[in-house]
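Note that the structure is a prediction, hence the values are computed from the model and not measured. Below, chain A is the first sequence line, B the second, and so on; all start at residue 1.
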Amino acid sequence: MVDMSNVKLRIENIVASVDLFTQLNLERVIEICPNSKYNPEEFPGIICRFEEPKVALLIFSSGKLVVTGAKSVEDIERAVNKLIQMLKKIGAKFQRAPQIDIQNMVFSGDIGMEFNLDAVALSLPNCEYEPEQFPGVIYRVKEPRAVILLFSSGKIVCSGAKSEHDAWEAVRKLLRELEKYGLIEEEEEW
Amino acid sequence: RLRKWQSRLRVSDAAERNLAFALSELDRIASQLKLPRHVEEEAARLYREAVRKGLIRGRSIESVIAACVYAACRLLKVPRTLDEIADISRVDKKEIGRSFRFIARNLNLTPKKLFVKPTDYVNKFADELGLSEKVRRRAVKILDEAYEKGLTSGKSPAGLVAAALYIAGLLEDEKRTQREVAEVARVTEVTVRNRYKELVDKLNLKIPV
DNA sequence: AATTTACTTTTCAAAGC
DNA sequence: GCTTTAAAAAGTAAATT
């Protein structure tokens with residue numbers, strides 16, 4: 001069994017797509033969004049920032065949204081409800097509840113052990129390590145689908161997971177591989 | 001049937017034209033970088049393999065050729081920085097880097113096969129700096145000790161070698177300035193200085209004043 | 001030379017070019 | 001493919017002071 005007791009994971013960012021099921025007139029939406037930007041020539045959506053909860057929203061005329069920067073699923077729900085209240089003031093009608101899909105979660109974390117990345121890259125199958133371009137080892141987990149960046153300090157970044165459970169599962173698979181190739185207990189023997 | 005035959009001819013025509021263009025681009029890069037013939041041949045072999053596996057789709061021929069040149073250099077241990085290749089290529093190094101990682105993944109070029117020993121970089125940079133065998137050996141010793149102490153993981157190999165050569169030059173009385181070693185290694189003086197400080201500190205090196 | 005700002009890598013959706 | 005948005009890791013880079 002892989003020892004995960006020293007492993008830590010922290011949510012850093014959640015990306016969600018949302019469907020409000022209502023067409024929106026972006027020209028009117030801008031007027032009620034304080035810190036927003038809208039240049040249809042460069043990007044088709046309104047870029048809007050909320051301070052509370054601290055998120056960034058991309059608002060499209062189809063009534064679909066992308067919410068980023070959230071630290072919790074609840075932040076996303078609060079942001080969506082806040083936007084809906086604002087949109088109601090300019091006459092938008094909502095017949096049904098918005099559909100929120102978590103698309104991507106990013107975690108930072110720590111495995112609690114240092115690594116010789118040259119050794120990791122030599123033995124760990126299907127990983128990438130190009131220290132001239134990026135200081136971390138890039139490891140892709142197929143199931144659940146996620147990508148883990150492993151640094152020599154033992155700190156990690158896990159992205160692409162759709163839930164916290166999936167992120168832990170992906171990290172567990174990485175640790176299992178590291179252990180399988182004898183890369184775990186090497187504390188002194190570099 | 002005739003139309004099909006003609007379109008097939010056109011396809012092979014296009015394929016031949018693309019290959020000819022790719023190989024001429026390879027020739028241009030190889031001659032400018034003064035690459036040995038076997039490296040150019042390996043790059044050509046990698047490119048044909050990439051085409052055969054359909055890895056060019058969505059990528060420019062130029063970025064893939066540049067990537068193949070870089071990969072061939074790594075495979076055959078002929079040190080060339082990505083910057084040197086990007087300098088004479090029409091595509092930027094970010095794009096070449098992407099193509100390189102893509103073909104590396106798909107042509108089974110593992111980190112092991114692509115690994116170039118710091119020693120090889122030492123010789124390349126030392127050649128350009130006109131440094132003696134004594135300095136080279138000292139630099140390699142410094143790099144070996146740094147590796148043993150875990151000071152090299154995640155660090156730019158070029159930056160590490162540049163700092164090691166700078167230190168070795170000071171220790172063996174064949175000083176080259178930080179600016180000179182930084183230039184041949186294609187890193188900034190700040191990077192050389194940072195690596196220098198860490199190596200001197202953690203390896204307890206006594207630099208003569 | 002120290003600070004600050006910024007870019008490298010990964011992930012993902014949205015609508016349109 | 002690209003465009004925009006967010007976020008961390010650690011390294012390197014560039015611009016200010």
Side-chain angles (χ1 to χ4, degrees), chain A residues 9-20 24 26 36-50 53-71 75-76 79 99-111 117 128-141 144-162 166-167 170, chain B residues 57-60 63 82-83 92-95 97-98 101 152-160 162 178 182 185-195 197-198:
Chain A
L9 276 190
R10 220 168 72 96
I11 296 188
E12 296 293 349
N13 182 27
I14 302 178
V15 179
S17 57
V18 180
D19 196 342
L20 299 178
L24 298 172
L26 297 190
S36 56
K37 194 169 74 182
Y38 182 41
N39 295 315
E41 263 71 9
E42 61 177 86
F43 193 70
I46 290 178
I47 299 158
C48 177
R49 275 163 239 268
F50 284 174
K54 190 179 175 297
V55 296
L57 303 102
L58 304 181
I59 307 168
F60 301 90
S61 58
S62 60
K64 290 185 177 180
L65 319 169
V66 171
V67 184
T68 65
K71 300 277 190 201
D75 276 358
I76 291 176
Q99 185 186 323
I100 300 176
D101 292 306
I102 303 302
Q103 301 289 163
N104 177 28
M105 295 180 88
V106 181
F107 295 79
S108 62
D110 196 343
I111 286 181
L117 299 187
E128 296 176 42
Y129 178 50
E130 287 295 325
E132 206 71 73
Q133 300 189 236
F134 190 72
V137 161
I138 301 169
Y139 184 70
R140 290 160 207 280
V141 181
R145 192 183 163 91
V147 174
I148 297 170
L149 309 179
L150 172 65
F151 299 89
S152 62
S153 61
K155 297 270 183 65
I156 58 174
V157 169
C158 176
S159 62
K162 289 202 160 28
D166 280 358
Chain B
R57 217 177 294 177
R59 260 159 281 269
S60 71
S63 76
L82 195 52
D83 283 69
D92 53 49
K93 85 165 185 182
K94 188 177 165 186
E95 195 54 43
R98 281 184 190 175
R101 286 194 296 274
T152 61
S153 253
K155 266 54 168 263
S156 149
L160 284 164
Q178 294 186 354
R186 305 294 303 252
V187 295
T188 64
E189 292 174 67
V190 179
T191 294
V192 173
R193 219 169 289 131
N194 288 339
R195 291 304 123 241
K197 280 186 206 156
E198 188 176 31

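Residue-level contact check: A/Gly45 touches neither bases nor backbone, having no heavy atom under 4.0 Å from any strand. Using a 4.0 Å heavy-atom criterion, one finds that B/Arg57 contacts no nucleic acid atom at all. As judged by a 4.0 angstrom heavy-atom cut-off over every strand, B/Val187 is placed among residues touching the sugar-phosphate backbone only. Using a 4.0 Å heavy-atom criterion, one finds that B/Lys93 contacts no nucleic acid atom at all.
Remark: A/Lys71 engages A/Glu12 in a salt bridge, criterion side-chain N to carboxylate O under 4.0 Å.
A/Gln99 and A/Asp101 share a donor-acceptor pair across their side chains, judged by distance under 3.5 Å alone. Residues B/Ser63 and B/Glu95 have side chains that never bring a donor and an acceptor to within less than 3.5 angstrom of each other.
In terms of phosphate contacts, B/Lys94 brings no side-chain nitrogen or oxygen within less than 4.0 Å of OP1 or OP2 of C/dC7.
Secondary structure note: stems in DNA chain C built from 3 or more consecutive Watson-Crick or G-U wobble pairs under 3.5 Å occupy C:1-8 with D:10-17, C:13-17 with D:1-5.
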What does the list of N/O pairs under 3.5 Å between the protein and nucleotides 10-17 of chain C look like, with a distance for each?
from   : atom 1 : to       : atom 2 : distance (Å)
C/dT11 : OP1    : A/Arg140 : NH1    : 2.6
C/dT11 : O4'    : A/Ser159 : OG     : 3.1
C/dT11 : O2     : A/Asn104 : ND2    : 2.8
C/dC12 : OP1    : A/Arg145 : NE     : 3.1
C/dC12 : O2     : A/Asn104 : ND2    : 3.4
C/dA15 : OP1    : A/Ser62  : OG     : 2.6

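Among C/dT9, D/dT12, D/dA8, the nucleotide with an atom closest to any side-chain atom of A/Phe134 is C/dT9. When the nucleotides D/dA14, D/dA6, D/dT4 are ranked by their closest atom to the side chain of B/Thr188, D/dA14 comes out on top.
A/Leu150 pairs with exactly one of A/Val157, A/Ile138, A/Ile111 by the side chain to side chain contact (heavy atoms under 4.5 Å, CB included) rule, that one being A/Ile111.
Toward the 5' end of DNA chain D, the nearer of the two residues A/Gly109 and B/Arg59, judged by each one's closest nucleotide, is B/Arg59.
Around NZ of B/Lys93, the count of heavy atoms belonging to other residues, nucleotides or ligands within 6.0 Å does not exceed 12.
Aromatic ring centroids of A/Tyr129 and A/Tyr139 lie 6.0 Å or more apart.
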